[in-house]
K.L.:
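Mind looking over this structure? Questions follow.
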Amino acid sequence: MQESQLNPDVLNVEPSALRKFDHEISADPKIVKLTLGEPDFNVPEHVKEAAIQAIKDDRSHYPYYWGIQELRDAASKYYGEKFGYHYSANQILCTVGATEGLAATFKTLFQPGDGVIIPSPAYPVYKAMAGVNHLKPIMINTKENGCILTASQIQQAIDDNADLKIKGLVLTDPSNPTGAVYSEQELADLVPVLKANHIWVISDEIYGELTYGVNHYTLSKWLPDQTIIINGLSKSHAMTGWRIGFVFGPTGIMDQIAKAHQFMVTTPTSIVQYASVEALTHGQHDAEGMRKIYEQRLAYLTTELDAIGVSYVKPKGAFYIFATIPAKCHQDSYAFARKLATDYHVGVIPGEPFGDSHAIRISYASSNDNLKAFVAALKAYLATFETVAG
Ligand SMILES: Cc1ncc(COP(=O)(O)O)c(C=O)c1O
């Protein structure tokens, strides 16, 4: 079979640049990694026990394609209490991680040629999903405004793309890669322009439980009829490999998203669904211990970066710092991150795949020792530029 006979939408999409770079530097056995977006904690014990029990109880049959009733009931209560979501079980779809929820939502909401606004720096998966669905991604640089999208930027994008039907906006709150978190007012300010232009919002709230000194709010409070929320247990319960996510939205559209999901994956694994019921009914505080540790690491790193004189977007959530490569280095993000990896054995992700080739993404979902090694390496590397300068 010739490659040219395959679907060009798939052929043309790049495999994850994050994974690729992580794989590349992992060849070094000494590498200390602050690369991937995954908690360095284990799944809570009570959730593991529930999974074992589900196996013993022979929970091995096809669950209903929306997910088991107990899980959707538990999600309705848990997220209602945590964030004020107002969704009943029949408006909640259980998916194979947040990623599959995003994929089913993209497939359902948009038609080929539609424009989708993606505030940048952005999680690269959104642009890839726009690509495979034949959409036009409209990247809006938000760095000037602390990585918070404004209503006037949305209006500007509409005016600049008059030939296009702008159908959607992907909002990541808290953000990967910047850790930016929208305030209540910043979200409310977006509502009039989104309503007036009937723009669907895919609100990716996967880091909602990981905020530092601020609360997480959801745009669905003001825009319930046009918001699809993506969430899940990957980050809050350190369950990345278990692959469980949730999609929340208005009734009619959820029926359609559920169909798209059914034909892709049927439903998440039965054992994981039963274990997730436990996570949501008795694991309301599971994220808190992790959140506190992330907060301490963030304080350590920002103090060190400030002392070194490296600037960054002030993070209020998630577990990343998006730091600007000092101008004196005269290096793009790949050159900088590669040098840090090869000469100092420390791995961070180049900013380029997120839309900024002058930045690096530092994940502090990594041990204190690793963070210290990173700081020492960064200091040593940056010092070489002082020497060159004279
Ligand atoms: C913003 C964002 N959304 C979604 C995901 C994917 O989540 P999941 O592992 O549940 O598919 C990630 C993972 O890093 C992410 O950073």
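We count ligands from 1, going down the list as the structure has it; atoms in each ligand are counted the same way. Start at 1 with the first residue, then count along the sequence.
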K.L.:
Side-chain atoms of residues 239-251: list all donor-acceptor pairs with protein atoms under 3.5 Å, sequence neighbours left out, distances to 0.1 Å.
P.N.:
unit_1	atom_1	unit_2	atom_2	d
Thr240	OG1	Glu38	OE1	2.5
Arg243	NH1	Thr240	O	2.9
Thr251	OG1	Gln91	NE2	3.3

K.L.:
What side-chain donor-acceptor pairs closer than 3.5 Å can you find for residues 254-262, not counting sequence neighbours?
P.N.:
unit_1	atom_1	unit_2	atom_2	d
Gln256	OE1	Lys259	NZ	3.0
His261	ND1	Glu100	OE1	3.0
His261	ND1	Glu100	OE2	3.0
His261	NE2	Tyr65	O	2.8
His261	NE2	Thr266	O	3.3

K.L.:
Taking it one step at a time, do Glu304 and Lys372 satisfy salt bridge (charged side-chain N to carboxylate O under 4.0 Å, His left out)?
P.N.:
CA-CA 10 Å; Glu304 292 292 338; Lys372 280 188 191 140; over 6 Å; no

K.L.:
Just so I know, are the side chains of Leu382 and Cys329 near enough to count as touching, which here means a heavy-atom distance under 4.5 Å?
P.N.:
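Counting from C-beta outward, Leu382 and Cys329 do come under 4.5 Å.
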
K.L.:
Can you see whether Asn231 engages Tyr85 through a side-chain donor-acceptor pair at a distance of less than 3.5 angstrom?
P.N.:
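Note: Asn231 and Tyr85 side chains meet the donor-acceptor criterion.
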
K.L.:
List the atom pairs, with distances to 0.1 Å, where a side-chain N or O of residues 342-353 and a protein N or O form a donor-acceptor pair under 3.5 Å, not counting sequence neighbours.
P.N.:
unit_1	atom_1	unit_2	atom_2	d
Thr342	OG1	Arg338	O	2.9
Thr342	OG1	Lys339	O	3.4
Asp343	OD2	Lys339	NZ	2.9
His345	ND1	Asp28	OD2	2.5

K.L.:
Give the residues near ligand 1 by chain and number, with the criterion being a heavy-atom distance under 4.0 Å.
P.N.:
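For ligand 1, the contacting residues are Gly97, Ala98, Thr99, Tyr123, Tyr126, Thr172, Asn176, Asp204, Ile206, Tyr207, Ser234, Lys235, Arg243.
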
